Amino acid sequence: MRCPVERLIHGNRRYSQTVILILDANVLVSNPMLRGAFWDNAAEAINGARLKIIVPRLAVDEAVAVYKRTRAATAVSIRKERRRASEAVRTHLDAAADEALAEGERYEQTLHQRFAAVGVTVDLAVPIVEHRELARRAINRIRPFSESGTGYRDALHWWFVLDTAEQWWEEDDVIFVSSDLAAFALKSDGKAALHPQLLDDILDRNIDPVGLDWVPDLTKVSIPGVFLSDEDAAGYGYSEPDDLEYRLMDHLLAGDPPSLSPADVGLDDVDAVRLVDAGDPKLLYQHTRVYYGTFNLHINFEVRMNFDVVTQTLVDDSRTPELVESSETTAVVLTGTAELSHYGTDLEFSIDDISPYR
């Protein structure tokens, strides 16, 4: 007899044996070391046969290539500082640049070790698609092809998703995770949903759309057996913090401030930034889930905030380089999670991303 796991993504109530997640390369690129609460919870759910995570080999290859390019760029950036440094410092800079390149070369092995630790399956299959069909979709700009006709890689990923869903959708829920909205989504009223052209593909395969879903990132996935369903959580009657954004601001200003890059705050023309103050927080998004058993709260959030920062720019157009400092105020968006014990009041914050507010 099957042990049902309630589907937690769709509004439709459905029970399945396992939730199957298929990850696009951008999921790995955004978190290359697979760190955070999601992956800890995923490992437990995979071990309990409530969850299966599949990564196509093509997605792994792409993520590895991106990581290598990123580390190579880091090495170049480090070596640019060499001409400004003393001989003793140059030795350390050379070692740091070499290590950045070595990290890139080791990444594929590191990633597979993390896959093994969590229980992620790498699928080596390459979808069999007629070139004529791919050409037809590209010529007619059918998703996942873009308006310029590009999207070959995305098309292969989508065929992989369809092939997998065709095999498993009747028993298990299949969820494709990709942040590539241009390829897979249609925005309406500020919300993104699977593009209707891709929904046609699902129906053409005689797959019930309830059995195949798309979400843009892992924060939109509820791991089965980790959180209560939204209906059960509402019945539990939990109380959400109504001042999360202000408590997040206090967290940032207490103790060591977060390490920021110029890109984090949208100031790409400076060499370094340091947070000195924050203000005017505004909650943009908050989604609270309740853990099974402990009834503790897990809160995903997006908060807009003004950062007062000190910028540093190295001016080296003279024989003696000069470090110029100035003050800036810039708006950012902080994305992350907060944990709250059901019997406590202290929030434990984890910031996943800081980006300029557009």
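Keep in mind the model is a prediction, meaning the values are calculated, not measured.
One N or O on the side chain of Thr110 and one on the backbone of Arg106 form a donor-acceptor pair closer than 3.5 Å. The main-chain N or O of Val309 is never found under 3.5 Å from a side-chain atom of Arg274 such that the two would form a donor-acceptor pair. Formation of a donor-acceptor pair under 3.5 Å by the Asn41 side chain with backbone atoms of Ala37 is found in this model.
Comment: Asp98 engages Arg79 in a salt bridge, judged by a side-chain N to carboxylate O separation of less than 4.0 angstrom. Arg137 and Asp201 are joined by a salt bridge, as a carboxylate oxygen and a charged side-chain nitrogen come within less than 4.0 angstrom of each other. At a threshold of 4.0 Å, the pair Asp163-Arg205 counts as salt-bridged, since one of the basic side-chain nitrogens sits closer than that to a carboxylate oxygen. Salt bridge status for Glu147 with Arg141: absent, with no side-chain N to carboxylate O gap under 4.0 Å. Salt-bridge formation is not detected for the pair Glu245/Lys282: no Lys NZ or Arg NE/NH1/NH2 atom is positioned less than 4.0 Å from an Asp or Glu carboxylate oxygen. Taking 4.0 Å as the cut-off between side-chain N and carboxylate O, Glu99 and Arg71 do not count as a salt-bridged pair.
Checking His251 against Arg247 by side-chain atom types alone, no donor-acceptor pair falls below 3.5 Å. At a cut-off of 3.5 Å, with distance as the only test, no side-chain donor of Asp353 or Thr335 sits close to an acceptor on the other residue. Side chains of Thr91 and Asp94: a donor-acceptor N/O pair is absent below 3.5 angstrom, by distance only.
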| task | Take Asp264 and Ser355 through the test side chain to side chain donor-acceptor pair (under 3.5 Å) and record every step on the way to the result. | result | CA-CA 5 Å; Asp264 291 339; Ser355 59; over 6 Å; no
| message | Please determine whether side-chain contact (heavy atoms from CB on, under 4.5 Å) holds for the pair Gln113 and Val118, giving the CA-CA distance in whole Å, both sets of side-chain angles, and the decisive distance to 0.1 Å. | response | CA-CA 9 Å; Gln113 289 172 345; Val118 175; over 6 Å; no
| Arg57/Glu108 under salt bridge (charged side-chain N to carboxylate O under 4.0 Å, His left out): CA gap, chis, key distance, verdict | CA-CA 12 Å; Arg57 177 69 214 192; Glu108 183 168 6; 2.6 Å; yes
| task | Check the pair Thr70 / Val29 against side-chain contact (heavy atoms from CB on, under 4.5 Å), numbers first and verdict last. | result | CA-CA 10 Å; Thr70 301; Val29 170; over 6 Å; no
| said: Run Asn47 and Glu44 through side-chain contact (heavy atoms from CB on, under 4.5 Å) and show every step you take. | reply: CA-CA 5 Å; Asn47 187 54; Glu44 180 183 344; 5.8 Å; no
| Please walk me through it: do Ile354 and Leu260 pass side-chain contact (heavy atoms from CB on, under 4.5 Å)? | CA-CA 8 Å; Ile354 301 175; Leu260 297 173; 3.7 Å; yes
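Annotation: side-chain hydrogen bond (donor to acceptor under 3.5 Å, both in side chains) contacts involving residues 301-312, sequence neighbours excluded, comprise Asp280-Arg304, Arg304-Asn306, Asp308-Thr329, Thr311-Ser326, Gln312-Glu325. Residue pairs meeting the ring pair (Phe, Tyr, Trp, His ring centres under 6.0 Å) criterion with at least one partner in residues 29-68, sequence neighbours excluded, are Tyr67-Tyr107.
Between Tyr291 and Phe227, the ring center distance clears the sub-6.0 Å criterion. Aromatic ring centres of Phe145 and Tyr152: separated by at least 6.0 Å.
To the nearest 0.5 Å, the span separating OG1 on Thr219 from CZ on Arg289 amounts to 7.5 Å. Rounding to the nearest 0.5 Å places CD of Glu348 at 11.5 Å from NE2 of His298. Note: Thr288 OG1 to Asn300 CG = 8.5 Å, rounded to the nearest 0.5 Å. Atom OG of Ser86 is separated from atom NE2 of His92 by 8.5 Å, given to the nearest 0.5 angstrom. Here the straight-line distance linking atom CG of Asp24 with atom OG of Ser179 works out to 7.0 Å at 0.5 Å rounding. One finds the CG atom of Leu283 at 9.5 Å from the CZ atom of Phe301 (value rounded to the nearest 0.5 Å).
Note on Leu248 and Tyr246: same hydrophobic cluster, where clusters join Ile, Leu, Val, Met, Phe, Trp and Tyr whose side-chain heavy atoms are under 4.5 Å apart, directly or indirectly. Under the 4.5 Å side-chain heavy-atom criterion for grouping Ile, Leu, Val, Met, Phe, Trp and Tyr, Leu244 is not connected to Leu284 through any hydrophobic cluster. Val303 and Val333 are not part of a single hydrophobic cluster, where members link through side-chain heavy atoms under 4.5 Å apart. At a threshold of 4.5 Å between side-chain heavy atoms, the hydrophobic network of Ile, Leu, Val, Met, Phe, Trp and Tyr places Leu21 and Leu124 in one connected group. Both Ile78 and Val89 sit in one connected hydrophobic cluster of ILVMFWY residues. Membership requires side-chain heavy atoms under 4.5 Å apart, directly or through other members.
When all heavy atoms are compared, the tightest approach of Ala165 to Leu212 is CB-CD2, 3.9 Å. The two atoms that bring Leu203 and Pro209 nearest to each other are CD2-CG, 3.7 Å, heavy atoms only. Heavy-atom minimum distance, Met305 versus Ala278: SD-CB, 3.8 Å. Minimum interatomic distance between Met249 and Gly279 (heavy atoms only, all atoms of both residues): SD-CA, 3.5 Å. The heavy-atom pair separating Leu28 from Val55 by the smallest distance is CD1-CG1, 4.0 Å. Shown here for Gly104 and Lys68, the closest heavy-atom pair between the two residues is O-CG, 3.2 Å.
Side chains of Val265 and Pro356 form no contact here, defined as non-hydrogen atoms less than 4.5 Å apart. Inter-residue side-chain proximity for Leu181 and Trp214 is flagged as met; some heavy-atom pair is nearer than 4.5 Å. Side-chain contact between Val19 and Arg50 is absent, with no heavy-atom pair separated by less than 4.5 Å. A 4.5 Å side-chain heavy-atom check between Trp169 and Asp208 finds at least one atom pair inside the cut-off. At a threshold of 4.5 Å between non-hydrogen side-chain atoms, the residues Leu198 and Phe184 count as touching. Side chains of Pro241 and Ile299 form a contact here, defined as non-hydrogen atoms less than 4.5 Å apart. In this structure, Ile54 and Phe160 have side chains that are in contact, with non-hydrogen atoms separated by less than 4.5 Å. Val27 is not listed as a side-chain neighbour of Ser178, based on a closest heavy-atom distance of 4.5 Å or more.
Using cut-offs of 30° and 60° for the angle between ring planes, the His112 and Phe115 rings count as perpendicular.
Atom OH of Tyr357 has 12 or fewer heavy atoms from other residues, nucleotides or ligands within 6.0 Å. Within 6.0 Å of CD1 in Ile128 there are 12 or fewer heavy atoms belonging to other residues, nucleotides or ligands.
Residues forming a side chain to side chain contact (heavy atoms under 4.5 Å, CB included) with Arg136 (at least two apart in sequence, or on another chain): Glu133, Asn140, Ile142.
Under the side chain to side chain contact (heavy atoms under 4.5 Å, CB included) test applied with Val174, the options Thr18, Ile22, Leu162, Ile207 reduce to a single match, Ile22.
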